[in-house]
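The structure appears right after this line, and notes come after that.
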Amino acid sequence: MDDENRLIAQRKQKIQAIRDAGLNPYANDFEVRLEDMQAVDGLDPEALGGEADVGDDAPEYRIGGRVMSLAKFGKAAFALVRHLGHEVQIYLKRDLLGDETFKAFKKIERGDFVAAVGHAFVTRQGKVAVRAQEFRILTMAVRSLPEKWHGLKDPELRYRQRYVDLVTTPGVADVFRTRARVVSHLRRYLDERHFVEVETPMLHTVVGGAAAKPFLSHHNALDLDIKLRIAPELYLKRLVVGGLDRVYEIGRCFRNEGLSRMHNPEFTMLEFYMGYANYETLMALTEDLISELVTELKGEPKLTYQDQPVDFTTPWPRLTVAEAAHAGLTLAAGELGFTAPAEAELDTEEGLWAYVDREKLTDKDEGFAEVWKSTKGWGEQLAALFEFFGEERLPADRPVFVVDYPSAVSPLSRRKDENPELVDRFELFVCGREIANAFSELNDPEDQRQRFKAQLEAKQRGNDETMDYDEDYCRALEVGMPPTAGEGIGIDRLTMLLCDQASIRDVILFPLLRPEGGTAPKTAGKDKEA
RNA sequence: GGGCCCAUAGCUCAGGCUGGUAGAGCACCGGACUUUUAAUCCGUUGGCCGAAGGUUCAAAUCCUUCUGGGCUCACCA
């Protein structure tokens, strides 16, 4: 692709002209002081004199950055430079800089990097500027930035050239700064509570910890088929067996599934496990952790997501899966024209079947019809009803804990003491989106073996998103895992919420896109070199 | 994978219905200007109209296919 155009050629000529003048267009011998940038950025124009009032004893600032806007006159100019979020204005005068330097400056465009040394004063427009006693070109850009007024609007260009997007599009850099604050808040919160941060393998030979399709790869030296991890869960629990009673990992997981506003094939998850705790412990911890995080970022335990105000004041409402399915169906009944389920009608497999059959629910929702066909037993069926009719109709103005999931859809969770058809598990929903998933861990190895077997059977029925039978994990449970609860929190979705972003692509620096320029070279599963 | 929409100058967009050889603003280039905030004024330059086929005397425009993207549905417990 030949994108060498006239503009680029002109820029290269300018760079050569700077070289010809004995200057370095890629200099790296000037100290830009961040503290000076901060100081100038923080100056009060009211307390500062005009240019004529600046005395020689005034503080001298060494500032610099990328030129974000330029106003050139015949023999003077203003350049607004940006460095680490600070924007400082430089005032350049030919009288002060001399002909040579001012001539060099005239080659500068928006997007270049420059630096200056000088005193601060207040302009006639009432803004602070540093009058350059000394001026330096630091780096010249070959490509110019997008138009300053409209910026980069094309979403494809924004994601493909994130380096341009970050410079140009207001708020983008802030999203990623906030994301970093979210992650460090989570780390600090867990560290303070004696959790140990660990790193477990991303190259797995056995798929587990979630229900999802993995990416496949191959290790040559061992001639071993491997899968990128879909979740770190089973390794983290092995560590609890080993005595790291409080562990966590923040890391990338990979799921070979579709892309959407809520899904990127690689995403970041926090998973933590807490020995001698149960899912009630984690509900309290989650309320505390997230409401504290929202308060830290927003100043109060409240935020607005896509025009929906959400109040994180604790305690948060709780609904059982059955209640949420019932409530959702009742609302859906009004919207879609069928009759709401009767009291307790969803409590048995027979009742459920009769209801779905009577109201012809499979005609109301194509996706539901598809899933309903492959479900077996009360638990899977209730979960399907909740997922298709309940989830999106959960209350939106508050975070909601959905509890008491069926054991049939929770192969790693501990059964409830009072009802073995249910497990000690919750999911946290905010604005109808799943943010966290947690449960008391199943630590009975015999039960775990049964659950893995049930997964294999589901796979035989055509469910391609099941877990493998992990024999070593069962062996670890036989060595003994203390009573434990664990939780996973999607960092990307949490960041979306806190930054009011509608698409996961806007909280991931480089979301997956098809390669530029059409067809990418297809490589076989095996690595040809090596 | 299905449906809808988009692709024109470096960037942001007109033009398209109704076919007649390509427009604007900003940026860039040249000139004027020693306090700008989207500086101003004057003068230029810049395009395989995403790609390939087709219809036509003639295609940015109509048709088909392809490529890339967006939204949405499905999939994602």
Side-chain angles (χ1 to χ4, degrees), chain A residues 1-11 13-14 50-52 68-80 87 89-97 102 109-111 121-127 129 131 142-161 164 168 210-213 230 255-265 267 321 365-371 374-375 379-380 382-384 386-388 391 405-406 408-413 425 427 434 437 455 458 463-467 502-503 505 513-520:
Chain A
M1 206 185 290
D2 177 25
D3 59 356
E4 177 85 341
N5 59 32
R6 197 184 90 264
L7 296 174
I8 287 178
Q10 279 172 348
R11 294 289 294 153
Q13 280 167 21
K14 280 192 181 186
E51 190 194 353
M68 298 311 295
S69 72
L70 261 183
K72 292 185 189 177
F73 307 94
K75 302 179 185 67
F78 285 92
L80 185 69
E87 293 199 339
Q89 194 169 223
I90 300 174
Y91 176 53
L92 302 105
K93 278 171 93 166
R94 196 178 68 171
D95 290 355
L96 275 176
L97 295 171
F102 197 75
E109 287 171 33
R110 189 163 161 272
F121 71 101
V122 138
T123 68
R124 281 179 208 161
Q125 309 294 323
K127 302 289 180 192
R131 189 183 60 183
V142 176
R143 292 169 190 268
S144 50
L145 294 176
E147 197 212 337
K148 62 182 152 188
W149 191 239
H150 295 98
L152 205 56
K153 285 240 175 92
D154 183 342
E156 182 175 355
L157 282 180
R158 288 190 46 221
Y159 300 140
R160 285 197 198 284
Q161 299 184 29
V164 177
T168 307
K213 289 171 218 155
I230 58 173
R255 297 187 184 176
N256 205 341
E257 286 157 358
L259 292 84
S260 79
R261 271 191 321 175
M262 296 296 289
H263 301 267
N264 194 63
F267 63 100
V321 171
D365 188 312
E366 236 175 87
F368 174 71
E370 184 67 27
V371 168
S374 71
T375 56
E380 288 186 20
L382 180 69
F386 165 65
E387 187 195 335
F388 283 96
E391 223 175 271
Y405 278 76
V409 297
S410 315
L412 302 167
S413 308
R425 172 181 173 192
E427 288 196 5
E434 181 193 337
N437 177 24
Q455 288 288 300
N463 186 341
D464 55 357
E465 276 154 2
T466 58
M467 298 182 197
S503 171
R505 291 185 198 96
L513 296 176
R514 281 201 171 82
E516 222 169 337
T519 44

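Each chain gets a letter, A, B and so on, in the order its sequence line appears, and its residues count up from 1. If you're wondering where the values come from, they're calculated on a predicted model, not measured in any experiment.
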>> Applying the Watson-Crick and G-U wobble criteria at under 3.5 Å, what pairs with B/C33? Answer none if nothing qualifies.
In response: none

> If you check the A/Phe78 side chain, which of B/U35, B/A77, B/U34 turns out closest?
Replying inline: B/U35

> Among B/G25, B/G70, B/U34, which nucleotide sits nearest the side chain of A/Tyr91?
Replying inline: B/U34

> Among B/U12, B/A74, B/G69, which is the nearest nucleotide to the side chain of A/Leu152?
Replying inline: B/U12

>> Under 4.0 Å, counting only non-hydrogen atoms across every strand here, what does A/Gly50 touch: a base, just sugar-phosphate, or nothing?
In response: nothing

> Taking CG from A/Leu70 and P from B/C33, how many angstroms apart are they, rounded to a whole number?
Replying inline: 19 Å

> With both distances kept under 3.5 Å, what pairs with B/G16, Watson-Crick or G-U wobble?
Replying inline: none

>> Taking B/G46 as the reference, what is the distance to B/A27 when you measure between their C1' atoms (whole Å, please)?
In response: 11 Å

> Taking the same atom, P, in B/C49 and in B/G2, what whole-Å distance lies between them?
Replying inline: 29 Å

>> Taking any heavy-atom pair under 4.0 Å as a contact, classify A/Pro265: base, sugar-phosphate, or nothing.
In response: nothing

>> Rounded to whole Å, please give me the gap between CE in A/Met262 and C1' in B/C71.
In response: 16 Å

> Given A/Arg143 and A/Val164, is the side-chain contact (heavy atoms from CB on, under 4.5 Å) satisfied, shown in steps?
Replying inline: CA-CA 10 Å; A/Arg143 292 169 190 268; A/Val164 177; over 6 Å; no

> So which one's nearest nucleotide on RNA chain B is more toward 5', A/Arg505 or A/Lys72?
Replying inline: A/Lys72

> Which nucleotide in the set B/A77, B/G69, B/U37 lies at the smallest distance from any side-chain heavy atom of A/Arg514?
Replying inline: B/G69

>> Let me spell it out: for each of A/Glu147 and A/Ser69, pick the nucleotide of RNA chain B with the closest heavy atom. Which residue's pick is nearer the 5' end?
In response: A/Glu147

>> Using a heavy-atom cut-off of 4.0 Å across all strands, would you classify A/Met68 as base, sugar-phosphate, or nothing?
In response: nothing

>> I need the CG-C1' distance between A/Leu157 and B/G70, as an integer number of Å.
In response: 13 Å

>> In this structure, how many angstroms lie between the P atom of B/G68 and the CG atom of A/Leu513, rounded?
In response: 11 Å

>> By nearest atom, which of the nucleotides B/C26, B/A77, B/C75 is closest to the A/Lys213 side chain?
In response: B/C75

>> Is it the case that the base of B/U37 and the side chain of A/Thr123 share a donor-acceptor contact (distance under 3.5 Å, atom types as modelled)?
In response: yes

> Contact class for A/Phe121 (heavy atom, under 4.0 Å): base, sugar-phosphate, or nothing?
Replying inline: base

> If the C1' atom of B/A7 is compared with that of B/C48, how far apart are they to the nearest Å?
Replying inline: 15 Å

> Distance from A/Glu427 atom CD to A/Glu434 atom CD, nearest 0.5 Å?
Replying inline: 4.0 Å

> Atom NE2 of A/His150 and atom P of B/G10: how far apart are they, to the nearest Å?
Replying inline: 17 Å

>> Ignoring hydrogens and geometry beyond distance, is the side chain of A/Glu156 in donor-acceptor contact with the base of B/G70 at under 3.5 Å?
In response: no

> What is the pairing partner of B/G1, taking Watson-Crick or G-U wobble pairs with both distances under 3.5 Å in any strand?
Replying inline: B/C73

>> Distance check, C1' atoms only: B/A22 and B/G69, in whole angstrom units.
In response: 25 Å

> On a whole-Å scale, what distance lies between the C1' atoms belonging to B/G3 and B/A59?
Replying inline: 28 Å

> Of the candidate nucleotides B/U35, B/C11, B/C75, which contains the atom at the shortest distance from the side chain of A/Pro146?
Replying inline: B/C11

>> By nearest atom, which of the nucleotides B/A39, B/U35, B/U34 is closest to the A/Lys93 side chain?
In response: B/U34

> For the pair made of CD in A/Gln161 and P in B/G10, what is the distance, rounded to whole Å?
Replying inline: 12 Å

> Where the side chain of A/Lys127 is defined as all heavy atoms beyond and including C-beta, which of B/U37, B/C11, B/G70 is the nearest nucleotide?
Replying inline: B/U37

>> Tell me if the NZ atom of A/Lys127 is crowded by more than 12 foreign heavy atoms within 6.0 Å.
In response: no

>> Over all strands shown, is A/Leu145 touching base, sugar-phosphate only, or nothing at heavy-atom distances under 4.0 angstrom?
In response: nothing

> Could a donor-acceptor pair under 3.5 angstrom be found where the side chain of A/Arg6 meets the base of B/C28?
Replying inline: yes

> So, A/Arg425 and A/Ser410: side-chain donor and acceptor under 3.5 Å apart, yes or no?
Replying inline: yes

> Touch check for A/Leu80, heavy atoms < 4.0 angstrom, all strands: base, sugar-phosphate only, or nothing?
Replying inline: nothing

> For A/Glu51, which contact category applies under a 4.0 Å heavy-atom criterion: base, sugar-phosphate, or nothing?
Replying inline: base

> Rounded to whole angstroms, how far apart are CD on A/Glu109 and P on B/A38?
Replying inline: 20 Å

> So which nucleotide from B/G25, B/G70, B/U34 ends up closest to the side chain of A/Ala76?
Replying inline: B/U34

> With both distances kept under 3.5 Å, what pairs with B/U45, Watson-Crick or G-U wobble?
Replying inline: none

> A/Glu380 near the nucleic acid: base, sugar-phosphate alone, or nothing, with a heavy-atom cut-off under 4.0 Å?
Replying inline: nothing

>> For the backbone of A/Lys213 and the side chain of A/Arg255, can you confirm whether one donor and one acceptor N or O come within less than 3.5 Å of each other?
In response: no

>> Return the pairing partner of B/G50 with a 3.5 Å limit on both distances, Watson-Crick or G-U wobble; otherwise return none.
In response: B/C66

> Expressed in angstrom and rounded to an integer, what is the separation of A/Lys14 atom NZ from B/G10 atom P?
Replying inline: 17 Å

> For atom C1', what is the distance between B/A60 and B/G16, given to the nearest Å?
Replying inline: 8 Å

>> Checking contacts here: which listed nucleotide (B/A77, B/U72, B/G70) is nearest the side-chain heavy atoms of A/Arg261?
In response: B/U72

>> When the P atoms of B/U8 and B/G70 are compared, how many Å lie between them, rounded to an integer?
In response: 15 Å

> With rounding to whole Å, what would you report as the distance between B/A14 and B/G30 at their C1' atoms?
Replying inline: 28 Å

